[in-house]
Amino acid sequence: MHKIAPNFSKKLIAWYIQNKRELPWRKTKNPYHIWLSEIILQQTRVAQGLPYFLKFIEAYPQVENLANAREDEVLKLWQGLGYYSRARNLHATAKMVCQEMNGVFPDNYKDLLKLKGVGDYTASAIASIAFNQPEAVVDGNVYRVLSRFFEINTPINTTAGQKEFKQLAQQLIDIDEPGTFNQAIMEFGARYCVPQNPDCNNCIFNDSCKAFQQKNVDHLPVKIKAKPIKKRFFNYLVVLSKNEHTMLQQRTGKGIWQQLYQFPLIETSEEVNLRSLTKHTQFQTFCKNLQIDTISLFNETPIVHKLSHQHLSTRFWIVETLEENENTIPISNVKDYAVPVLIADFVSEFFENY
DNA sequence: AACGCGGGGCT
DNA sequence: AGCCCAGCGTT
């Protein structure tokens, strides 16, 4: 299908040896550490994930320590990293490995793929890096490097694209050092063959990169357009009851921030003032058992919290009550709960003295 | 096959 | 404002 440049893999690995970053998970073959790093790095830059990797290794030196932790504690440690299903699957897999596999990780692609939170990419990464298996990884970097070098216009976010690139990567992999090859192609994509304004004139492949020769680098890889971003309107009720207590609720069910905590939320279809807020059924239900003293608006200008797929226009309403209420916690304990960054930012500003 | 899921950095 | 990031699970 594609004509393989004979020296592609060797050149890539040579570049990697010279240019790779020293990262903690590159100094070990411990499958637990490799697995942890790969879960953290899913859709996450090294710079953002690195401190979390260090925190987790310190808190849970062995997979048994992670398996024995409470889920709330794991989520708290994951706070701020996003895609929180990763943390729940991480915890579930640690338990499974300890309870059903005697604490030993699977050592091959097929069995690794059975673990929760481990898909094609991660199974290939662990198999190749920790166990030297010739399983090619295809992540965002690999799509970019290969689509450019071979000038492949197949959209990468289609089944056909995934299949084509996986097959090509599998043909290119250096079977003598598959883990090194996989890390090399990803590192090259992350550090040199970058999405915008790559330095093609000085690239080691500028004599063989088809997209460079055709002046088509800026149009690759091809990706099908994403859906437009949805706008939502959040009104958080920050209860202040006697003795410096407040109220948190855990998010359940589908949607964003599963299992994380937040203040009681009234979602509206548009921005609302106090009058319309108090007319909402949800609001009235919530206030039924509360003796409310005053309600004041913390931020007139909504805080717009941006997620990949939705923008949350948010206002915080301060609700002071006249008594001690049920289901409240000391404000000084709020810091122990896993909360979305949107809530964490508000808490650190509003409750800074607690 | 399409969709939902975070937060941050860079242009 | 838009794009991307060592993707995965669900529908």
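Chain letters run A, B, ... following the sequence lines, proteins first and then strands; every chain starts at 1. The basis for the numbers below is simple: all heavy atoms, side chains too, and nothing from hydrogens, waters or symmetry mates.
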For this session: Ignoring backbone atoms, test whether A:H309 places a side-chain nitrogen or oxygen under 4.0 Å from the OP1 or OP2 oxygen of B:dC5.
Result: yes

Assign A:T122 to base, sugar-phosphate, or nothing according to its heavy-atom contacts below 4.0 angstrom with the strands shown. sugar-phosphate

**Asked** A:Q258 near the nucleic acid: base, sugar-phosphate alone, or nothing, with a heavy-atom cut-off under 4.0 Å?
**Response** nothing

At 4.0 Å (heavy atoms only), tell me whether A:G189 reaches a base, stays on the sugar-phosphate, or touches nothing.
nothing

#### Entry: Ring centres under 6.0 angstrom apart (A:F298, A:W317)
no

Of the candidates B:dG4, C:dA6, B:dG6, the side chain of A:Y121 sits closest to C:dA6

Taken to the nearest whole Å, CZ/A:R232 to P/B:dG6 is 11 Å

Within residues 38-56 of chain A, the residues having a heavy atom closer than 4.0 Å to DNA chain B are A:Q43, A:T44, A:R45, A:Q48

A:W35 side-chain N/O to C:dA6 phosphate OP1/OP2 under 4.0 Å | no

Side chains of A:N182 and A:S124, donor plus acceptor under 3.5 Å: no

So OG of A:S269 and NE2 of A:H280: to nearest 0.5 Å the spacing works out to 6.5 Å

Exercise. Using a heavy-atom cut-off of under 4.0 Å over every strand shown, decide if A:V118 touches base, sugar-phosphate, or nothing.
Key: sugar-phosphate

Worksheet entry | A:K225 side-chain N/O to C:dG2 phosphate OP1/OP2 under 4.0 Å | no

task = Consider only side-chain N and O atoms of A:Q183 and A:R26, and report whether a donor and an acceptor are under 3.5 Å apart.
result = yes

With heavy atoms under 4.0 Å as the rule, sort A:S308 into base, sugar-phosphate or nothing. base

At under 4.0 Å, does any side-chain N or O of A:K254 touch on OP1 or OP2 of C:dT11? yes

Review point. Looking across every strand, which nucleic acid part, if any, lies under 4.0 Å from A:W25 by heavy atom: base, sugar-phosphate, or nothing?
Key: base

Exercise. For atom C1', what is the distance between C:dC4 and B:dG6, given to the nearest Å?
Worked result: 13 Å

- State, with a plain yes or no, whether a side-chain heavy atom of A:H311 is found less than 4.5 Å away from one of A:K306. yes

(message) Using a heavy-atom cut-off of 4.0 Å across all strands, would you classify A:R88 as base, sugar-phosphate, or nothing?
(response) nothing

Closest to the side chain of A:R86, out of B:dG7, B:dG6, C:dA6, is B:dG6

_Tell me if the aromatic rings of A:F205 and A:F188 count as close, with their centers under 6.0 Å from one another._
yes

Mind checking if A:K230 touches a base, just sugar-phosphate, or nothing, with heavy atoms under 4.0 Å?
nothing

Examine A:W35 together with A:F105 and report whether their ring centres are nearer than 6.0 Å. yes

**Message:** Are A:Y32 and A:Y60, when compared by the centres of their aromatic rings, separated by less than 6.0 Å?
**Reply:** no

Winner on side-chain proximity to A:N197, out of C:dA6, B:dT11, B:dG6, is B:dT11

Among the nucleotides C:dG9, B:dG8, C:dC5, whichever has the atom closest to the side chain of A:V341 is B:dG8

